[in-house]
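For reference, the structure is listed below as structure tokens.
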Amino acid sequence: MAAAAQLHGSAATAAAYRRTRAYSNPSSCRGLRSPLVGHPKPLISTNGVGLKPFGFAAKLATNENAQVEELNLRSDQMKEFVQAEGHRQKRSAKIHDFCLGIPFGGLLFSMGLLGYMFSRSTISIVLGVAPGLATLLLGALSLKFWRSGKSSFLFILAQAAISAFLAWKYSHAYFLTNRLLPWGFYASLSTAMACFYGYVLLAGGNPPPKKLAAIPQQ
């Protein structure tokens with residue numbers, strides 16, 4: 001009887017031990033392990049890692065600024081070269097057309113008027129008064145346009161045409177009459193003025209006013 005009780009107690013103790021082991025370490029969880037267990041922890045260092053991108057960006061920005069400055073310098077040099085070439089290519093005469101044209105027109109007008117008053121000759125009107133008055137008006141218009149900075153090319157060309165016409169007519173009259181005064185004198189004067197106007201046209205026109213020549217053209 002005592003032996004049976006002892007066996008029953010041993011069996012109960014063994015059953016209680018098995019239940020305790022089952023609850024303390026479940027068999028379904030024995031094979032599961034944390035994925036982080038046994039692996040070293042990652043270390044993040046900020047020494048140099050965060051500064052490298054910023055250093056590269058600063059270097060890139062410096063190179064871009066240098067390139068932009070170089071392009072601006074080249075652009076300025078090109079503009080100065082173009083302006084210098086423009087000033088170099090723009091030629092002009094040494095003297096204005098109206099400096100001699102207005103006195104020439106005044107001389108023709110006054111001498112033609114005097115000749116008509118004394119001789120009542122229509123030749124004095126045709127070859128003196130009319131061309132002299134036209135030359136005076138054209139010279140005054142050329143002076144006005146020159147002061148405003150505009151081109152006087154058409155006025156110079158018209159004066160040159162009048163002078164050439166007078167040179168031909170006066171030379172023809174001189175060869176017919178062989179008289180030095182007045183035909184020879186007028187023929188020489190008209191020929192000289194025609195050559196002068198031709199020089200002004202070929203040289204590039206009147207020189208610009210000083211106040212406009214001092215301002216560089218854009």
Side-chain angles (χ1 to χ4, degrees), residues 79-218:
K79 289 180 180 179
E80 292 178 358
F81 176 76
V82 171
Q83 291 178 359
E85 287 295 325
H87 288 295
R88 187 181 306 172
Q89 293 177 359
K90 187 177 180 180
R91 302 179 304 168
S92 61
K94 299 298 182 181
I95 187 172
H96 309 85
D97 68 290
F98 48 82
C99 291
L100 298 181
I102 293 178
F104 174 65
L107 178 64
L108 290 177
F109 177 77
S110 60
M111 295 303 293
L113 186 61
L114 288 175
Y116 177 76
M117 290 175 61
F118 285 102
S119 63
R120 299 295 178 179
S121 174
T122 57
I123 297 178
S124 299
I125 299 294
V126 175
L127 298 181
V129 176
L133 183 60
T135 304
L136 273 175
L137 293 177
L138 292 172
L141 289 174
S142 178
L143 174 60
K144 181 179 179 181
F145 273 65
W146 173 79
R147 285 178 175 175
S148 62
K150 299 178 182 179
S151 175
S152 303
F153 179 81
L154 294 179
F155 304 111
I156 302 172
L157 184 62
Q159 293 176 84
I162 293 174
S163 299
F165 171 76
L166 291 177
W168 173 66
K169 294 297 291 184
Y170 289 141
S171 298
H172 182 69
Y174 172 73
F175 289 137
L176 289 178
T177 61
N178 200 20
R179 294 175 58 181
L180 187 59
L181 291 176
W183 310 122
F185 172 75
Y186 285 135
S188 301
L189 183 59
S190 300
T191 303
M193 288 301 300
C195 295
F196 167 70
Y197 288 126
Y199 156 73
V200 175
L201 291 174
L202 293 177
N206 293 324
K210 294 182 179 180
K211 61 180 181 179
L212 296 179
I215 302 175
Q217 296 183 359
Q218 301 296 331

Exercise. Could you point out which residue of S151, S92, C99, S142 forms a side chain to side chain contact (heavy atoms under 4.5 Å, CB included) with N206?
Key: S142

Self-check item: Atom pair CD1 (I156) and CG (L141), whose distance is rounded to the nearest 0.5 Å
Solution: 12.0 Å

Quiz item: Considering only heavy atoms from C-beta outward, does the side chain of D97 approach that of L138 to under 4.5 Å?
Solution: no

Practice problem: Enter the distance from L143:CG to S148:OG here, rounded to the nearest 0.5 Å. | Solution: 9.5 Å

Exercise. Would you give the length of the straight line joining atom CG of L166 to atom CE of M193, rounded to the nearest 0.5 angstrom?
Key: 10.5 Å

Quiz item: F165 vs W168 aromatic rings, parallel, tilted or perpendicular, using cut-offs 30° and 60°?
Solution: tilted

Practice problem: Over all heavy atoms of both residues, which pair between S124 and S119 is shortest? Give the atoms and the distance, please. | Solution: OG-OG, 4.2 Å

Quiz item: Does Y116 have R120 sitting over its ring (NZ/CZ under 6.0 Å from centre, angle to axis within 45°)?
Solution: yes

Quiz prompt | Donor-acceptor pair, side chain of S171 and main chain of A167, under 3.5 angstrom | solution = yes

Practice problem: Test S152 against F98 for side-chain contact (heavy atoms from CB on, under 4.5 Å), laying out the working first. | Solution: CA-CA 10 Å; S152 303; F98 48 82; 5.9 Å; no

Quiz prompt | Inter- and intrachain pairs under side chain to side chain donor-acceptor pair (under 3.5 Å), touching residues 187-199, at least two apart | solution = Q159-Y197

Exercise. Could you grab the distance from atom CG of L189 to atom CG of L100, nearest 0.5 Å is fine?
Key: 10.0 Å

Quiz item: Side chains of F185 and L180: does their closest heavy-atom pair fall under 4.5 Å?
Solution: no

Quiz prompt | Side chain to side chain, I95 and F196, heavy atoms closer than 4.5 Å | solution = yes

Exercise. Look up atom CD1 in I162 and atom CG in L108, then write down how far apart they are to the nearest 0.5 Å.
Key: 9.5 Å

Practice problem: Would you check if the side chain of W146 reaches a backbone N or O of P207 as a donor-acceptor pair within less than 3.5 Å? | Solution: yes

Quiz item: For Y186, which residues count as a side-chain hydrogen bond (donor to acceptor under 3.5 Å, both in side chains) partner, sequence neighbours excluded?
Solution: none

Quiz item: Got more than 12 heavy atoms from elsewhere within 6.0 Å of CD1, I123?
Solution: no

